Each structure stands twice: as C-alpha cells, then as structure tokens.
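Treat the numbers as computed from the prediction; the structure is a model and nothing was measured. Below, chain A is the first sequence line, B the second, and so on; all start at residue 1.
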Number of protein chains: 2
Amino acid sequence: MPKYKQFDRDKVLEAASVVFHEKGYNGTSIDEILTATGLSRSSLYDSFKDKHNLYLQSLEFYKEVNDKKIQNLDEKNLNGLQKLETMFKSVVNHLSEHPDDNGCLLVNAAAEMSKQCFKTSQVVCNNKEELQNLFSTWISDAEEKKVVKLQKPAKIYGQFFYNTLCGLRVMSQSGAGKTELSNIVKVALDSLN
Amino acid sequence: MPKYKQFDRDKVLEAASVVFHEKGYNGTSIDEILTATGLSRSSLYDSFKDKHNLYLQSLEFYKEVNDKKIQNLDEKNLNGLQKLETMFKSVVNHLSEHPDDNGCLLVNAAAEMSKQCFKTSQVVCNNKEELQNLFSTWISDAEEKKVVKLQKPAKIYGQFFYNTLCGLRVMSQSGAGKTELSNIVKVALDSLN
DNA sequence: TAAAATTTGGAATATATGTTCCGAATAACT
DNA sequence: AGTTATTCGGAACATATATTCCAAATTTTA
C-alpha cells in the first residue's frame, strides 16, 4: 500500500485526540491508538516518532480545530457581546449534549501533563493567552458599541471569561447539567452590566 | 515490627495524595507510592487492598482535609460575603505561592478519572454539591445582612462561584499568576453588586 | 521465657506497555 | 517488466508495572 502516504494525517490525529481525550495520556496505550486510528504499529512510529510526540501533535490538532471554529464565529457580523454569548451558548450545548465528551482535551492536558511536560504546558498556555485576548477584543468592541459598560479594563474581563469557560469544562465532568451550566453563564455575562 | 500498625494511616494517605496530585492516577507507579509513603509493598496491599482503592481513599482524605479547612472558615464570626472573600483570597494565595502544586487533586481527578471510574465521579460530584450549597448559604447570609443585593436566587450564585473556583485551579496550571487570579476573583465578586 | 499475632522485606509472577526491526506487499517510475 | 521507494503486518524485545506470597522479624501476651 505504498508508495505515498496511505492515511490522512488529520484523520489520524483526530482519532488519536479522541482517545487521548477519553483516557488521558497515561491512560491510553499504543494498542488503543492503533485500533482507533487503524494505523499499523510501524506506520505510527514512522510518521509520529513515538507516543509522546503523537500526543503533542494531537493537542495541537485539537487546538487548531477549536481555533478555526472560533475564527468562524469571530468573522461573523455580530458585536462582541453577541459573539461572547454565542460562544458560551455553543459550549453549554456541546457539553450538555455530549456529557460523555470528557470536557476539553486541553483542560485535561493541563491537569494531567502541564507540570510534567513543558511542551504541553506551552500549548495550554498559548491557548489561554489567545482566547483571553480574543475575548478582550470582543468586550472592547461591545464597549465601543455601547452595548456594555465596563467597570474595569477589557483585558480583565477577558481573563474572567476564560476562567469561566475553564470552569464549565470541569463542571460538566463533575455532573453539572445544562440548566446549571447556562445559569453560570448568565451570571458571568451579567458582570458586563 | 509488629504487633500493631507501625504506620499512621493519615500520613500514608497524605503522602499518597501528594504523589497522585503530582502525577495523576495512571502516571504514578506503586513504587513511587512506596518510596513516598515509606511503606513496604506488602503493608500497602494488606492495608489498602490495591492501587485503585488507595487512590479513592487518598481522594477522600484530601477532600476531608479541605472540608475541615472550610469548616473552620465557616465557623468564624464573619458575614457570608466576608467568608467568600476570605476563601477566594486564600485559594489565590495558595495557588500563586505554590505554582508547583498542580491545582487541585479533585479537579485533576475529575479530568482524568471521572468518566472511567464511577466512584471517583461520586467523590468529585459530592464535593461540588457540598461546596455549592455552602457558598449558597454564605450568599443568603450576606443578602439577609444586606451586604449584597442579589438579582437571582442564592443557589445560582453558589453554582457560579464554584465554577469560578474550578476555573482558578485550571488557570493556575495554565500559567496564570497572582494578579490575574485575583483580578478574576474581583470580577466574580462584583456580580454580587 | 515461650507462644501468638502481625508486619514487612524481598523474591517471584504475570501481564502490559512502548518501541524496534525485518521481510513482504505495493505502487510509481524507468 | 524490473527497479526503486515506501508502507505495513507482525514478530520480537526490553522494560515497567500491579500484585501475590512466604519466611523472617518483632512485639505483646501468657
């Protein structure tokens, strides 16, 4: 089945990230990854070097997918507050419709690996910075358009909403349902007056 | 070295919970636990059955220690808002003074294990319910004493502040420092007007 | 002082796990 | 058609890991 790559790198990373998402890094074995991806052992090691490297690439793939989703939202013709509301609504919907989805791979990676693996912490940290910045721009936009009134610099609200988002991911893994999650979002959004 | 137990169960669980906290369940080996606790292999299996059981007992021990701390705070002669503020302040201080402390064992357990181990999810879920309820009573107290004015039922704020708390634990693992964490707390507390 | 009760160190076991390696299979290129 | 380049299946390997088991050690009790 040569002479060129027989598998789609993105599909492999997608499948791998699902397994890592479900079981964590230390909880998933190479064999599980092989069956999930359909790859042969040798192909995996040829193309992804080793388990740890595959994990990092899965994290980055997962992050890129999330980034694209949120870029799509960002490009829509909505004011910043509406973007924030839409984002939270879709997160709440996703979490409550897929309670088996184990929260967020990046949050789980932060919990499991960030203190043991510098590269993991870098991915997690970049994700945090990027989202906080994006949220800040949304909030600034909402302020300029006078749909909200801020008591503090927009940057701080960016941090606050990212914190709220991280919380939601943990909450859904602790048994929180849809009403609870959306109540939390409502209170958080109320802080914009 | 018989004839009665040579080791202090609480100290063993304390040491074990530190290791599980650092490396997660799947990331820590029995050997690491043995060196951390000073126990012999046979003693560990005699007294704690196996690794999984030890993990659950460590979780519960960790939870009890946290419960006691917060009970101490609850018994102080403060109004509910002050209790909430004190709690957040000490969490922020702890997280920023011990950035190596890997967040919160229970949050990490939720991320790593709650979907794979029902008993873990029970501990995590109980912890969530208890803290949310406690926070609700604090907020009700603050309302009765007219130090805050609520726009929503106190219960919802209990959920919201627990969410904020979970977020902080993840944030500190994603590289957030003291100012960032306390900014977030300020915004959250502002939601009580 | 001897017997009983219990812990514990360490060997032993069985399995899981990450990784390597080589030959067979296959498609493109000459 | 034959050569080359590359993938892939599966065996093989080495190590890690969870767990069991037994004899030696030790303290209390009789």
Side-chain angles (χ1 to χ4, degrees), chain A residues 1-59 61 108-109 112-113 115-120, chain B residues 1-59 61 108-109 112-113 115-120:
Chain A
M1 312 158 181
K3 164 169 187 174
Y4 300 115
K5 277 259 188 304
Q6 291 297 297
F7 55 85
D8 181 345
R9 184 174 174 277
D10 280 5
K11 291 209 167 158
V12 169
L13 291 180
E14 157 69 22
S17 69
V18 168
V19 187
F20 282 131
H21 194 173
E22 276 171 12
K23 310 221 174 185
Y25 177 73
N26 288 304
T28 71
S29 68
I30 293 284
D31 283 355
E32 285 172 302
I33 292 172
L34 296 184
T35 51
T37 59
L39 242 64
S40 82
R41 205 173 296 273
S42 0
S43 305
L44 189 146
Y45 280 92
D46 275 359
S47 306
F48 298 97
K49 183 175 177 180
D50 60 14
K51 185 188 177 186
H52 191 251
N53 213 279
L54 176 66
Y55 179 70
L56 289 172
Q57 293 194 42
S58 302
L59 284 189
F61 175 80
N108 295 5
E112 187 185 3
M113 300 292 287
K115 283 282 143 44
Q116 295 168 69
C117 168
F118 179 63
K119 291 189 175 176
T120 298
Chain B
M1 308 156 183
K3 168 171 190 173
Y4 299 114
K5 278 259 187 303
Q6 292 297 296
F7 56 85
D8 181 345
R9 183 174 174 279
D10 280 5
K11 292 210 167 159
V12 169
L13 290 180
E14 156 70 21
S17 70
V18 168
V19 187
F20 283 131
H21 194 171
E22 276 171 12
K23 309 222 174 185
Y25 176 73
N26 288 304
T28 72
S29 69
I30 293 285
D31 283 355
E32 285 173 301
I33 293 171
L34 296 184
T35 51
T37 59
L39 243 63
S40 81
R41 205 172 296 273
S42 3
S43 305
L44 188 147
Y45 280 93
D46 274 358
S47 306
F48 299 97
K49 186 175 175 176
D50 59 14
K51 184 188 177 185
H52 192 249
N53 213 280
L54 176 65
Y55 180 70
L56 289 172
Q57 293 193 43
S58 302
L59 283 189
F61 175 80
N108 295 4
E112 186 184 4
M113 299 292 287
K115 285 280 144 43
Q116 296 168 69
C117 168
F118 180 64
K119 291 190 175 174
T120 298

Applying ring pair (Phe, Tyr, Trp, His ring centres under 6.0 Å), which residue pairs with at least one partner in residues 32-53 of chain B are found, sequence neighbours left out? Tyr25(B)-His52(B)
Quick one: what's the B/S/- string for nucleotides 11-21 of chain D, heavy-atom cutoff under 4.0 Å, read 5' to 3'? B-----SSBBB
Using the salt bridge (charged side-chain N to carboxylate O under 4.0 Å, His left out) criterion, which residues pair with Asp31(A)? Sequence neighbours excluded. Arg41(A)
Would you please name every residue forming a side-chain contact (heavy atoms from CB on, under 4.5 Å) with Lys49(B), sequence neighbours left out? Asn53(B)
Which residues pass the salt bridge (charged side-chain N to carboxylate O under 4.0 Å, His left out) test with Asp46(B), sequence neighbours left out? none
Interatomic distance where CZ belongs to Phe48(B) and C1' belongs to dT7(C) [whole Å]: 14 Å
Could you tell me the separation between the CG atom of Asp46(A) and the P atom of dG9(D), rounded to a whole number of Å? 12 Å
Scan for salt bridge (Lys or Arg N to Asp or Glu O under 4.0 Å) pairs involving residues 7-24 of chain B, sequence neighbours excluded, and state none if there are none. Lys23(B)-Glu32(B)
Phe7(B) CZ to dT6(C) P, straight-line distance once rounded to whole Å: 14 Å
dT6(D) P sits how many Å from Leu39(A) CG, rounded? 17 Å
Got Met113(A) and Asn26(A) here, is their nearest side-chain heavy-atom distance under 4.5 Å? yes
Is the shortest side-chain N/O distance from Ser40(B) to OP1 or OP2 of dG9(C) below 4.0 Å? yes
Roughly, in whole Å, what's the span from CG in Leu44(A) to P in dT19(C)? 9 Å
Rounded to whole angstroms, how far apart are CZ on Phe20(A) and C1' on dG18(C)? 12 Å
Atom-to-atom span, CG of Asn53(A) to C1' of dT19(C) - whole angstrom: 14 Å
